[in-house]
Amino acid sequence: MARHLITSALPYINGIKHLGNMVGSMLPADVYSRYLRQRGHDVLYICATDEHGTPAELAAKERGLPVDEFCAQAHDAQKAVYDGFALAFDYFGRSSSAENRDITQHFARKLNENGFIEERAIRQVYSPADGRFLPDRYVEGTCPHCGYDKARGDQCENCTRVLDPTDLINPRSAISGSTDLEVRETKHLFLLQSKLQHEVEEWVARHEQDWPQLASSIARKWLTEGLHDRAITRDLDWGVPVPADTWPELAAEGKVFYVWFDAPIEYIGATKEWADQDPANRDWKSWWYEADDTVRYTQFMAKDNVPFHTVMFPATELGVREPWKKVDYVKAFNWLTYYGGKFSTSQKRGVFTDQALDILPADYWRYFLIANAPESDDSSFTWEHFTATVNKDLADTLGNFVNRVLSFSRKRFGDEVPAGGEPGEAEARLGEEIAGLLAEYENQMEALQFRKAASALRALWSAGNSYLEEKAPWLEIKTDKDAAALTLRTAMNLIHLYAVVSEPFIPSSAAAMRAAFALPDDTATWATPGESKSLTTIPVGTPFTVPPVLFAKLTDEDLETYKNRFGGQPA
């Protein structure tokens, strides 16, 4: 059985992330990781904060903190939010780690040895007012492609086109705002991607048929346009330094590697960080080096990160000429919008993850986001849709089923699972239905089709309600107490099954459902087809309790409160 390596796009250190960022990478990776672990696979889920680059320096300057101190605080703040969302990383590292520095410098040296790095003199924006060369993100201006007037020198946030600072119209310094900019000559290292074009094309061709159309089309578009040699160093105070043993002149000038060069290498670096915590029992290289036949590597990311992970980072790995593991499957997502407008960290538009947890527990958000994941196209977050989904799927379909069954059984039969009669035709039909729906759920999870998986999970919950309505134990008990007991016992087994298989989506609520039954040794990690059909996991006489309400129904007043706080349309 292959081991599963899972990574999600590294959240940038600058600020708490919005819901679109959560559903575009980390949350689906967590759901998939949890599912694989429950099915018995060996899983390593790695993520980290992406800490280098211009925005970190600017944010630290704004806060009046040294950049390393700012990043340490921001890392802890982000990690607290992800803990609140119950993201079960095996390790959540930092791209500023010594491990990432060493591996990044190793990659650069090997690329240089193999003829894929070249030192070039270039003309770069210089700000006399700031007394320094301005890296790409230190330059802002108007995008020449779409006219957006707050485009950065590396990429336009509006149209996502990759830019150079000299492309911008009416450029200005992001530090001082000065428009008195000059273009001067300086030296930088370039990754010769043009020399790796054919190798990258061959590699993509071997994988793109398995990837979602979104990922393969973006990779193919970049390759069709042609890979250009790209500067991989910057004039910054904060970053992985250019190694002095290889480039002494540039090192003396304080050059550091471009964040998009070192950030993907942090997937490897963070794995080494994880292993360095327990080196006697953890082998980081077995996940990354000569691991093509033993590791299945899946990456999760939103579409703006796709070209860097399907073209640029594979080019880096290929050029190193060492057997580093490359991604097998790229799960790419479109945008989650806020009432049709773009979530924006920089413009503080939309719901941010810390705010979400202030309003409601994580499971509300986890379920809604995955059930509406922007897989085939963009999807829109609205408070109306969120409220309707919570009420219909979580409060009414699942939460109400659990409460009705356990409350009624305790009222009529006491605090232990009742015996009742032998299963009949209705129970046989239910078992077949549950087994079929569970198989569908498994198939969609294996295919990483999250919306379809959520639909199958919802259908599992609905099947319990349909059975309960059909058998109507509140009527059965008036004429046949054993029949009512059988219905409730079967429904309790459904609750336990729901607890087990819903855990990837709603882990806290799943734990509460499982804890309702005082089973002495509840080690179930999944339900087999036989268990699904028989629904006899919970022994007769097992003590149980009625848990607190799993999901509170949201009211019209709640809806208005949320809309007033965040707005019913994008700002």
Side-chain angles (χ1 to χ4, degrees), residues 86 360-367 389-421 423 426-427 430 434 457-458 460-478 480-525 527 531-532 534-555 558:
L360 290 166
D363 282 358
Y364 290 69
W365 301 104
R366 288 178 62 103
Y367 176 79
T389 300
V390 167
N391 288 347
K392 182 176 183 295
D393 294 356
L394 296 178
D396 289 345
T397 303
L398 178 61
N400 189 45
F401 176 79
V402 173
N403 185 265
R404 290 169 71 193
V405 169
L406 296 181
S407 296
F408 186 74
S409 187
R410 183 179 64 179
K411 180 179 179 181
R412 294 307 184 100
F413 294 99
D415 294 330
E416 295 182 351
V417 175
E427 286 69 39
L430 174 65
I434 294 297
L457 181 60
R458 186 188 309 119
L460 276 166
W461 299 341
S462 295
N465 284 279
S466 297
Y467 169 74
L468 207 62
E469 292 300 319
E470 176 190 353
K471 294 297 295 292
W474 50 89
L475 297 178
E476 283 182 315
I477 200 164
K478 296 177 181 179
D480 190 339
K481 191 173 183 180
D482 281 348
L486 166 65
T487 299
L488 293 169
R489 185 184 80 223
T490 303
M492 288 185 191
N493 275 277
L494 272 179
I495 291 172
H496 186 266
L497 182 143
Y498 293 162
V500 173
V501 304
S502 302
E503 191 266 346
F505 279 69
I506 48 171
S508 297
S509 304
M513 285 190 281
R514 187 183 287 229
F517 301 99
L519 292 171
D521 187 24
D522 187 3
T523 59
T525 58
E531 290 167 341
S532 303
S534 66
L535 294 172
T536 56
T537 300
I538 309 296
V540 172
T542 298
F544 70 89
T545 57
V546 181
V549 174
L550 292 177
F551 300 99
K553 202 160 186 176
L554 304 182
T555 65
D558 292 326

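No donor-acceptor distance shorter than 3.5 angstrom exists from the side chain of Thr542 to the backbone of Ala518, with no hydrogens or angles considered. Looking at Arg366, its side chain never comes within 3.5 Å of a backbone N or O of Pro507 through a donor-acceptor pair.
For the pair Val405/Leu494, no side-chain contact is recorded, criterion being any heavy-atom separation below 4.5 Å from C-beta on. When side chains are defined from C-beta on, Pro547 counts as touching Leu406, because their heavy atoms get closer than 4.5 Å. Side chains of Asp393 and Leu398 form no contact here, defined as non-hydrogen atoms less than 4.5 Å apart. At a threshold of 4.5 Å between non-hydrogen side-chain atoms, the residues Ile538 and Phe544 do not count as touching. With a 4.5 Å cut-off on side-chain heavy atoms, Leu550 and Phe401 do not count as touching.
Taking 4.0 Å as the cut-off between side-chain N and carboxylate O, Asp558 and Lys553 do not count as a salt-bridged pair. Salt-bridge annotation for Glu476 and Arg412: absent, with no side-chain N of the basic residue lying under 4.0 Å from a carboxylate O of the acidic one.
Trp474 and Arg404 get closest at one heavy-atom pair: CH2-NH2, 3.1 Å. Here the closest non-hydrogen pair linking Ser502 and Leu457 is OG-CD1, 3.5 Å. In terms of heavy atoms, Leu394 sits closest to Asp363 at CD1-O, 4.3 Å. Closest heavy-atom contact between Val402 and Ile495: CA-CD1, 3.9 Å. Considering all non-hydrogen atoms of both residues, Met492 and Pro418 come closest at CE-CD, 4.0 Å. Taking all atoms of both residues into account, the shortest heavy-atom contact from Gly420 to Ala485 is CA-CB, 3.5 Å.
The side-chain hydrogen bond (donor to acceptor under 3.5 Å, both in side chains) test applied to Ser466 returns no partner, not counting sequence neighbours. For Tyr364, the ring-ring contact (aromatic ring centres under 6.0 Å, His included) partners at least two apart in sequence or on another chain are Phe551.
Between Ser409 and the options Val417, Thr487, Asp415, Leu488, a side-chain contact (heavy atoms from CB on, under 4.5 Å) holds for only Leu488.
Applying the side chain to side chain donor-acceptor pair (under 3.5 Å) definition to pairs two or more places apart or across chains, those involving residues 490-500 are His496-Asp522.
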| When you look at Leu554 and Leu360, which way does the side-chain contact (heavy atoms from CB on, under 4.5 Å) test go after all the steps? | CA-CA 10 Å; Leu554 304 182; Leu360 290 166; 4.1 Å; yes

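Rounding to the nearest 0.5 angstrom, the gap separating the CD1 atom in Ile506 from the CE atom in Met513 is 4.5 Å.
Between Trp461 and Tyr367, the angle of the ring planes lies from 30° to 60°, which puts this pair in the tilted group.
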